[in-house]
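These notes are about the structure you will find just below.
Quick caveat, the model's predicted, so the values are computed rather than measured. Note on naming: letters A, B, ... go to the chains in the order of the sequence lines (proteins, then strands), and numbering restarts at 1 for each one.
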Amino acid sequence: MPEGNEIHRFAERHAAALAGGRVSADSPNGAFPDAEVLHGRKLQAVEAYGKHLGYVFGRDMILHVHLGMYGDFREGTMPLPPEKGALRLRLWNRANWVELRGATDCSIFDAEKWQALLARLGPDPLRPESDPEPGFAVIARRNTPIGQLLMDQSVFAGIGNIYRAELLFRAGLHPRTPGREVPRPSIASIWKDARKLMPLGMIDRRIVTTLAKDRALKRGPEADQDRTRKRGAAPVDQAIPHQRGLAQDDEIHYVYRRHGKPCLRCGTKIEKEEMAGRTVYWCPACQKR
DNA sequence: GTGGGATGGGCAA
DNA sequence: TGCCCCTCCCACA
């Protein structure tokens, strides 16, 4: 379900709710029998790298969670809610609980396995210390389309299908452009844009990438104050200038899942195609090779 | 009620 | 490249 931005948000929230003390753990659907190994242990920290989460219980006891396409968390304050659905894992303390469903992976890593995972991930735009150069270098020598390279977690970690499409639109770059033909300033600006856009991404659990000036919907200041969810409209954060104003469902993205609809900038029909098993979307007029 | 698709990735071949 | 994992949601009947 989520891309890197939401994974990092989960890490922050789960650390705030549960880290620093002992937690209880169980696996109501039995799909994570190691829950009993974690039960009663102190959760030291929660880390996010790309789309991977690590719940650190010890040097050789890191709970690795990858949500994949279907996985999701729910969070709340005690008491635990009634058990519902296929519940893989619950973690809780006296104050808070976290539930995990549908994850691609939920298993305990030792230090070696955790390091091996990190070693195969490229720089993560959401980690301030990330050096993008290794990612730039890979792109500069590959003939693979840039649309495919942006989805490759060993090039950059954390970018998913929505940000792939939207970053390319914002850069004016056609997804089929071979990596080695992407000008250095273009890829540098995509990295910079990802650094800026991804932390601001989630509005009402949706990613909003469009500028207010590109959205048809214009509202007065009083509407801007309205933070409640309206059917089909996402309230956006006043503190984020590029997201000022409400965003209708079909204008929270420039191209992602907008195939056949007019481009928000130029009116040309958005196109789509399969690229390495995933659908990529672009505006044939705004995005050039 | 049903069926297809989805913000992902590992694996076999 | 295609298959699997195995969950939720929406459009459509």
Side-chain angles (χ1 to χ4, degrees), chain A residues 1-11 27-32 48-54 64-75 81 83-90 98-107 109 113-114 116-122 124-126 144-145 147-170 175 193-194 197-210 229 231-232 234 247-250 252-261 272-282:
Chain A
M1 187 170 177
E3 302 196 15
N5 59 310
E6 199 174 2
I7 298 301
H8 282 255
R9 235 175 47 140
F10 281 135
S27 177
N29 76 348
F32 178 56
Y49 289 86
K51 300 168 187 166
H52 299 262
L53 283 161
H64 172 253
V65 174
H66 194 293
L67 295 177
M69 201 86 96
Y70 325 119
D72 202 7
F73 288 106
R74 286 180 195 178
E75 303 145 4
E83 290 178 28
K84 209 179 95 185
L87 193 41
R88 180 88 53 96
L89 169 67
R90 293 191 292 196
V98 168
E99 293 179 342
L100 172 65
R101 289 176 174 78
T104 284
D105 188 49
C106 170
S107 62
F109 281 23
K113 199 171 176 188
W114 180 250
L117 165 67
L118 300 190
R120 63 170 193 266
L121 295 178
D124 177 348
L126 289 173
T144 307
Q148 201 173 321
L149 290 168
L150 287 183
M151 291 283 280
D152 183 338
Q153 301 297 297
S154 72
V155 176
F156 297 133
I159 295 174
N161 206 13
I162 297 179
Y163 281 114
R164 177 259 293 270
E166 298 297 293
L167 289 168
L168 287 172
F169 177 88
R170 289 165 59 103
D193 200 27
L197 207 52
M198 292 180 73
L200 309 178
M202 295 308 291
I203 309 294
D204 249 15
R205 301 207 72 184
R206 295 190 297 178
I207 292 170
V208 176
T209 58
T210 48
R229 175 74 184 269
R231 177 178 290 276
Q248 291 290 358
D249 269 341
D250 84 331
I252 62 176
H253 307 132
Y254 285 109
V255 293
Y256 177 75
R257 295 245 264 170
R258 295 198 65 250
H259 53 287
K261 293 180 178 171
K272 70 160 181 172
E273 74 177 21
E274 287 285 304
M275 181 177 279
R278 305 298 300 280
T279 310
V280 65
Y281 308 83
W282 74 95

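Going from atom OH of A/Tyr256 over to atom P of B/dG5 covers 13 Å, rounded to whole Å. Between the CG atom of A/Leu117 and the C1' atom of B/dG9 there is a distance of 12 Å, rounded to whole Å. We find that CG of A/Leu150 is positioned 15 Å from C1' of B/dT7, with the value rounded to whole Å. In this structure, A/Tyr70 atom OH and C/dC8 atom P are separated by 12 Å, rounded to whole Å. With rounding to whole Å, A/Tyr281 atom OH is found 11 Å from B/dG5 atom P. Atom CZ in A/Arg257 sits roughly 16 Å away from atom P in B/dG4 (whole-Å rounding). The separation between A/Glu3 atom CD and B/dT7 atom P is 8 Å, rounded to whole Å. Put simply, CG on A/Asp72 is 21 Å from P on C/dC5, counting in whole angstrom units.
Within the 4.0 angstrom heavy-atom criterion, only backbone atoms of the sugar-phosphate kind lie near A/Arg120; the bases stay farther away.
Considering only side-chain N and O atoms, A/Lys51 lies under 4.0 angstrom from the phosphate OP1 or OP2 of B/dG9. For A/Gln153 and B/dG8, the shortest distance from a side-chain N or O to OP1 or OP2 is not below 4.0 Å. A/His66 has a side-chain polar atom (N or O) that falls below the 4.0 Å cut-off from OP1 or OP2 of B/dG9. Note on A/Arg101: every side-chain N or O is 4.0 Å or more away from OP1 and OP2 of C/dC6.
In this structure the side chain of A/Arg101 reaches within 4.5 angstrom of the side chain of A/Leu87, judged on heavy atoms. Residues A/Glu83 and A/Asn29 are not in side-chain contact: their nearest non-hydrogen atoms beyond the backbone lie 4.5 Å or more apart.
At distances below 3.5 Å, at least one donor-acceptor pair connects side-chain atoms of A/Ser27 with backbone N or O atoms of A/Arg88.
If you check distances only, the side chain of A/Thr104 never reaches the base of B/dG9 with a donor-acceptor pair under 3.5 Å.
Classified by interplanar angle (parallel below 30°, tilted 30° to 60°, perpendicular above 60°), the ring pair A/His66/A/His64 is tilted. Between A/Trp114 and A/Phe109, the ring-plane angle classifies as perpendicular under the 30° and 60° cut-offs.
Candidate nucleotides C/dC6, B/dG8, B/dA6 were compared by shortest atom distance to the side chain of A/Arg88, and C/dC6 ranks first.
Nucleotides B/dG4 and C/dC3 have their P atoms positioned 15 Å apart, rounded to a whole Å. Going from the P atom of B/dG5 to that of C/dA13 covers 15 Å, rounded to whole Å.
Pairing for B/dT7 is absent, judged as Watson-Crick or G-U wobble with the two contacts each under 3.5 Å.
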